[in-house]
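Each chain gets a letter, A, B and so on, in the order the sequences are listed, and its residues count up from 1.
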Number of protein chains: 2
Amino acid sequence: MTETRQAEDTRTRILETALDLFHRGSFKGTSINQVVEQAGITKGALFHYFKGKNELGYAVVDECIRSHINETWVEPLATSVDPIADIKAILDHFDEMIAERPEILQLGCPLNNLAQEMSAQDDAFRERLLGLYRIWETALEKAFRAGIEAGSVRSDADPADAAATIVALLEGCIGMIKVNQSREHMSRIDRGLRLFLDFLRP
Amino acid sequence: MTETRQAEDTRTRILETALDLFHRGSFKGTSINQVVEQAGITKGALFHYFKGKNELGYAVVDECIRSHINETWVEPLATSVDPIADIKAILDHFDEMIAERPEILQLGCPLNNLAQEMSAQDDAFRERLLGLYRIWETALEKAFRAGIEAGSVRSDADPADAAATIVALLEGCIGMIKVNQSREHMSRIDRGLRLFLDFLRP
DNA sequence: GACAACATACCAACCGGTCGGTTTCTTCCG
DNA sequence: CGGAAGAAACCGACCGGTTGGTATGTTGTC
């Protein structure tokens with residue numbers, strides 16, 4: 001009846017449910033019971049796979065969010081020679097996603113949410129989240145470096161500075177949209193973001 | 001023996017303690033008992049002044065944080081004709097503050113912390129926090145408008161767009177510093193921020 | 001029969017909030 | 001001026017519910 005490889009299935013279902021609840025609410029704000037209920041399992045199953053709530057959180061960061069960063073930022077920019085155009089394409093993709101599911105407008109970025117909530121409280125969390133930001137920034141930095149070499153980015157721009165600023169601006173924008181919850185304010189900030197990117201043109 | 005005006009004293013002590021704990025931890029993460037203990041009062045006193053935990057949070061936003069925004073952003077920019085220079089001066093002031101009390105490096109901005117934590121969970125919170133952001137952005141917008149008129153800001157810049165982008169970038173930067181907790185990364189982001197301001201020069 | 005994969009019952013600690021009561025201050029009458 | 005009356009300020013024991021976590025039991029598969 002049930003599959004033999006149910007084991008991994010249960011684990012990933014717990015992880016995905018936890019990510020969803022952490023995203024919708026927060027880490028501290030969601031209880032283990034909520035995860036158990038929404039995942040359709042029992043507490044015994046959860047504690048069989050994870051030592052405790054924190055370990056579950058770490059796994060969500062290390063597995064779910066990390067792969068998400070890789071898919072949306074690292075891979076698309078890996079071979080970029082025109083990062084400004086490619087970053088704008090990623091922004092376009094976000095716009096499409098929001099047009100389809102407007103609810104995510106108020107949920108923010110899972111990485112940023114967790115980082116803002118936990119990095120001052122738990123150093124193990126902070127280090128893991130910082131690791132993801134480094135991966136993200138490094139992908140941008142490499143792309144800017146390639147862009148400078150290819151002539152699509154102004155040569156006096158510092159790739160590392162630009163990468164860090166883009167990440168900060170992007171996370172700030174997503175955060176502001178979360179508070180404003182208005183499409184107008186989103187497009188206002190979208191314009192500012194693209195304006196900044198254009199400043200990096202030669 | 002005790003002063004006649006002890007009443008207001010207790011209320012403000014509760015508010016300041018709550019702000020401190022909400023800043024250090026989070027809203028949901030700090031218990032009423034913690035506030036009571038750190039303020040050196042009792043639960044009865046707290047519930048005498050505030051209907052509940054949420055009402056306490058609202059009061060912290062409406063009174064403590066609002067006045068802080070006014071002092072650091074609205075008043076200094078009220079009569080500005082060179083907003084770019086004046087904003088940089090405010091940033092310098094932040095740098096000095098961080099040099100004195102480096103601990104605040106990892107605590108972030110109280111407004112942004114609360115906004116990110118609560119705006120998706122409680123609409124009353126969101127509206128109040130949004131109100132503060134509007135005050136902040138309006139102050140910047142007016143200053144940019146005055147700067148354009150005075151010739152200290154490029155005339156093709158949209159004051160409202162610039163204001164919204166500055167706020168987003170600033171909150172994003174503070175958020176990133178919270179995760180990184182390194183002075184180097186702070187100066188890297190500081191450079192990006194000032195670079196963006198210079199883009200707004202004529 | 002050993003072991004992973006769960007399920008269930010249960011726990012102490014803590015949560016936000018209530019409530020009856022006491023103290024302290026203000027007011028106003030004589 | 002004294003002193004009763006009442007309101008505001010404050011206390012702390014207590015409540016039902018929830019929290020993260022555990023201990024023990026059951027089940028299916030090599």
Is the shortest side-chain N/O distance from Ser31(A) to OP1 or OP2 of dT19(D) below 4.0 Å? yes

From the list dC6(C), dG17(C), dT22(D), which nucleotide is the closest neighbour of the side chain of Lys43(A)? dT22(D)

Atom CG of Asn54(B) and atom C1' of dC15(C): how far apart are they, to the nearest Å? 14 Å

Whole-Å gap separating P (dA9(D)) and CZ (Phe47(B)): 17 Å

OP1 or OP2 of dC10(D) sitting under 4.0 Å from any side-chain N/O of Thr10(B)? yes

Assign each of Lys51(A) and Gly29(A) to its nearest nucleotide of DNA chain D by heavy atoms, then name whichever residue's nucleotide is nearer the 5' end. Gly29(A)

In whole angstroms, how far is the C1' atom of dC6(C) from the CZ atom of Arg11(A)? 16 Å

When you check the phosphate oxygens OP1 and OP2 of dC6(C), does a side-chain N or O of Tyr49(A) lie under 4.0 Å from one of them? yes

Would you say a side-chain N or O of His48(B) is under 4.0 Å from OP1 or OP2 of dA9(D)? yes

In whole angstroms, the gap separating P of dA7(C) from CG of Asn33(A) amounts to 14 Å

What is the nucleic acid contact for Gly44(A), judged by heavy atoms within less than 4.0 Å: base, sugar-phosphate only, or nothing? base

Do you know the tightest heavy-atom contact between Lys53(A) and Thr30(A)? NZ-O, 3.0 Å

List the steps, then state whether ring pair (Phe, Tyr, Trp, His ring centres under 6.0 Å) holds for Phe27(B) with Phe125(B). CA-CA 11 Å; Phe27(B) 179 74; Phe125(B) 252 118; 5.0 Å; yes

Mark yes when over 12 heavy atoms from residues, nucleotides or ligands other than Glu37(A) sit less than 6.0 Å from its CD; otherwise mark no. no

No-H, no-angle donor-acceptor pair, Lys53(A) side chain to dG21(D) base, under 3.5 Å: no

